[in-house]
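In what follows, chains are A, B, ... by sequence order, proteins preceding strands, each numbered from 1. Keep in mind the model is a prediction, meaning the values are calculated, not measured. Computed from heavy atoms alone, side chains included, the values below leave out hydrogens, waters and symmetry copies.
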2 protein chains.
Amino acid sequence: MSKAILSLIFSIFSTVIIFAKSPEPFTAPELQVASSIANAAIKQNEAYALVESLTTEVGPRMAGTAGDALAVKWGIAKFNALGFDKVWTEPVTFGTWQRGVEEATIISPFRQPLVITALGNSVATPDVGLQAEIVQFDTLDDLKHAETGDVAGKIVFISKKMARFKDGHGYGEAVGARSSGAVEAAKKGAQAIVIRSVGTDSDRMPHTGHMNYLDGVTKIPAAAMSNPDADLLMNMLKRGKPVTLQMKLGSGPGPDYTSSNVIGEITGTKYPDEVVLLGAHLDSWDLGTGAIDDGAGVAIVMSAAKRIKELVGNPKRTIRVVLFANEEQGLVGAKAYAKRHAKQLNKHIVGVESDFGAGKIYKISTKFKPEALPIAEQIHSVLEPFGVAWGNNKATGGPDLIPARNLGMSVVNLYQDGIDYFDYHHTPNDTLDKIDPDSLSQNVGVYVAFAYLMANLEGDVGYFGTVN
Amino acid sequence: MSKAILSLIFSIFSTVIIFAKSPEPFTAPELQVASSIANAAIKQNEAYALVESLTTEVGPRMAGTAGDALAVKWGIAKFNALGFDKVWTEPVTFGTWQRGVEEATIISPFRQPLVITALGNSVATPDVGLQAEIVQFDTLDDLKHAETGDVAGKIVFISKKMARFKDGHGYGEAVGARSSGAVEAAKKGAQAIVIRSVGTDSDRMPHTGHMNYLDGVTKIPAAAMSNPDADLLMNMLKRGKPVTLQMKLGSGPGPDYTSSNVIGEITGTKYPDEVVLLGAHLDSWDLGTGAIDDGAGVAIVMSAAKRIKELVGNPKRTIRVVLFANEEQGLVGAKAYAKRHAKQLNKHIVGVESDFGAGKIYKISTKFKPEALPIAEQIHSVLEPFGVAWGNNKATGGPDLIPARNLGMSVVNLYQDGIDYFDYHHTPNDTLDKIDPDSLSQNVGVYVAFAYLMANLEGDVGYFGTVN
């Protein structure tokens, strides 16, 4: 739909409004325009072109690598090419982590190579590797309750399988083994830990992801193996004989690095200092090309903001697209953003982040003040024809919104269908072919409607913090 | 079903037969027993236990490796444990091929690592690797028709995608690029060849497989890349700028090695020197654990023969299970078998091989003399309730049957549903979890009925050769 036609629609409704002023937060014309531009945006494939560009021209962009630097340049160039009014970067400094050699072989009772990958932040094994008997636990909890004598000197293996759900909640149930397993294993004297990948696939590809150490607890090497490898190991263990694993990891800390949050704005006409924040993260893991995590999100939020400007011009309030640095290794860019903008967060009317792949949006939840719920209701009425159900008013926001949310920013979740997200998440399989262009466009349409309405809202939905 | 119950059924029908002698090749009781023991076999999970054992206790068993030797030991031990009447090996000597380092990176216009694997038989690149511009062709034919000047000095990339079909015929359409690509590329002066994997998946896993050189044509390195990598490369090429690839392969020939065809027999009571040959191949590629290629086949034919002996005792004719050596690198064991047994092939009443995964059998084809077609018809009548349709009388047999078929042996195809076979074929993903136990058991049931009938047949279905 052309800008001219949309302007016409707008002007017709502007006439109507004189005779039928609504008591609702949004006028009927506003809702109609939101719906129209969402429908126009959904017919575009700009977001797909953006994620194609990011995955083809940049590819893997793990925080602190050459790909990270390229991605920052890419983000600046794309914001400019898309016609954003303001484009800038904000530096983010962090300690890097570097992947090295990754090898594992079952030595006995049956010698077989395994496919493993180091978990992000893992220390290395000795150069020659290490070799020890496997001690298997079904869950992290079982490890926590184990006797030290059963664990000391061994390699811990946690075999918990992640369950598949549309909303991905199996991740929360399984990821503890990845994030805290090394600490719990080390407390009981284990030499290393290997976990069944936190993923729902049956591909012989391990899933990487960040893990944590704790001050005062020995840092032991930590790796994930693919689901078929975990099955193989379980089958060997079932035979009741000791299983010995040899493993070698070359990973470890690298020098400090300064990357950037990359930010582009469509400046508000009436309330330029009030911000509707659309977020995604620009970094990825190194194994794939970062298509679904989070190239899709980057493309969705950039494209949505651009479409609004192109279709109906700048809204009353500023739409700020933030491409966060280094989400994967601890929300580093998000924390920096919240710290730097803490005093303006009372002017961040709402934040929403796209970081769950490219599946269709099927539900909206808000975290608004109670008296603002009619606003949520009206927004939902526009999104409903796109297949978006109403959730609740307990939104938590995407990961990069946590620091700002904790300082009081109101947040929204636009939930994506993630039924296959954890098949590919953090693996070499996170590539462009996993994105369905139609689903991606549906996301853009929903973000367009949502952001347009929030950016034209008179009033606010609540600020839950205190400006220092 | 117990052997006792089956004996009872048999004796009832043996009585009936006196009053109702059929003019058909098989009597009604024989058909009934075939059906009964197939139904009994289908309820067993012995084949699954066998392939679990092979993949867990041996795993990868590329011809000429330690895994090959272990697999031979495994085969002998399992035949003995299953109660086969005769178990022996026949030596097979061949030149080995060894995999080495495998690396590829697109250097320009956008630097990105690719996931590749050497094709079996490929020579190495120079130790430092080689670097050249990519010249892309849609198909092997396009390469054949290219100008030498467009190819010389470059790395040829053939991008043809394999199509997905239940009968896997997309393989035949795509595999030429793998088998003959290096020769055609070298004739035009290419430095190396990389192909889109011959596979139907979207996993970032390359598919290996055997390739050929031609005397008098320079041997150039040959590799396959995963489908997502081929997509990435195509996206770079679409931008119209030269794409430069750096690749390194460490593969090459190793010393000669002697492996074995491993053979187990259920000896015939009436015609012990007449053979119903059930084949599969014991070797696998090195990347996975060889579950579908061809652990499944090994398990199906071993289990089928054993079930017949256990359920109804030895048949009139010998059932010989042959686990062929080194199928993957040129039907080496199959050729040795045909050569060694050339003079007995007129006593090989029929050959059938299971080498297409673990999907359900949906069709039978024969290559019988015309006057034996009523036999095929009766066999099909028993298999039909198991979901097996009639094909035609133009069966070609499995790959390991080709040398004996070419010397006159009659063959049958029991076609398996291979809709997902080429998702996993020759990749690290060829692992146990890809096998559905129920489908595997259906295979055993069908083989039981088929082999039982063929082993009790009075008469023959044709020998198409001449005993020298």
Side-chain angles (χ1 to χ4, degrees), chain A residues 48-49 51-61 65-67 70 74 99 105-106 108-115 161 201-206 226-239 241 243 286-291 420 423-424 427-435, chain B residues 48-49 51-61 65-67 70 74 99 105-106 108-115 161 201-206 226-239 241 243 286-291 420 423-424 427-435:
Chain A
Y48 191 79
V51 69
E52 192 272 352
S53 168
L54 181 58
T55 53
T56 305
E57 298 170 14
V58 180
R61 47 199 181 277
T65 64
L70 261 181
W74 179 92
R99 194 178 295 282
T105 304
I106 301 172
S108 63
F110 311 108
R111 189 180 186 94
Q112 287 208 41
L114 297 185
V115 180
K161 261 189 187 164
D201 57 295
S202 305
D203 290 316
R204 205 173 189 190
M205 282 184 193
S226 77
N227 270 304
D229 287 273
D231 292 344
L232 180 67
L233 185 46
M234 288 302 283
N235 282 339
M236 289 203 191
L237 288 161
K238 272 180 205 158
R239 282 157 168 79
K241 292 179 190 159
V243 175
D286 50 338
L287 305 177
T289 59
D420 64 358
D423 288 349
Y424 311 126
T427 75
N429 247 348
D430 181 2
T431 49
L432 184 63
D433 53 299
K434 308 311 182 302
I435 293 182
Chain B
Y48 191 80
V51 69
E52 192 272 352
S53 168
L54 181 57
T55 53
T56 305
E57 296 170 15
V58 181
R61 45 198 181 277
T65 64
L70 261 180
W74 179 93
R99 196 179 293 283
T105 303
I106 302 171
S108 62
F110 311 108
R111 190 181 187 95
Q112 288 209 40
L114 297 185
V115 180
K161 260 188 188 163
D201 57 295
S202 305
D203 289 316
R204 204 172 189 190
M205 281 183 194
S226 77
N227 270 304
D229 286 272
D231 292 344
L232 180 68
L233 185 46
M234 288 301 285
N235 283 338
M236 288 202 191
L237 288 162
K238 271 181 206 158
R239 282 156 166 81
K241 292 179 189 160
V243 174
D286 50 339
L287 305 178
T289 59
D420 64 357
D423 288 348
Y424 311 125
T427 74
N429 247 348
D430 181 1
T431 48
L432 184 63
D433 53 299
K434 308 311 181 303
I435 294 181

Per-residue contact mode, B/Val58 against chain A (heavy atom under 4.5 angstrom): backbone
Nearest-0.5 Å distance, OG of residue A/Ser202 to CG of residue B/Asp203: 10.0 Å
Structural part of A/Thr55 lying under 4.5 Å from a heavy atom of chain B: backbone
Interface residue of largest heavy-atom contact number with chain B, from A/Met205, A/Arg111, A/Arg204, under 4.5 Å: A/Arg204
Toward chain A, the part of B/Asp231 with a non-hydrogen atom under 4.5 Å: side chain
Which portion of A/Leu287 sits near chain B, non-hydrogen atoms under 4.5 angstrom: backbone
Contacting moiety of A/Gln112, where chain B heavy atoms sit under 4.5 Å: side chain
Best-contacting candidate, B/Gly67, B/Pro228, B/Pro113, B/Ser226, against chain A by heavy atom pairs under 4.5 angstrom: B/Pro228
Among A/Thr431, A/Asn235, A/Asp229, residue most engaged with chain B (heavy-atom pairs, under 4.5 Å): A/Asn235
Under-4.0 Å salt bridge between A/Glu52 and B/Arg239: yes
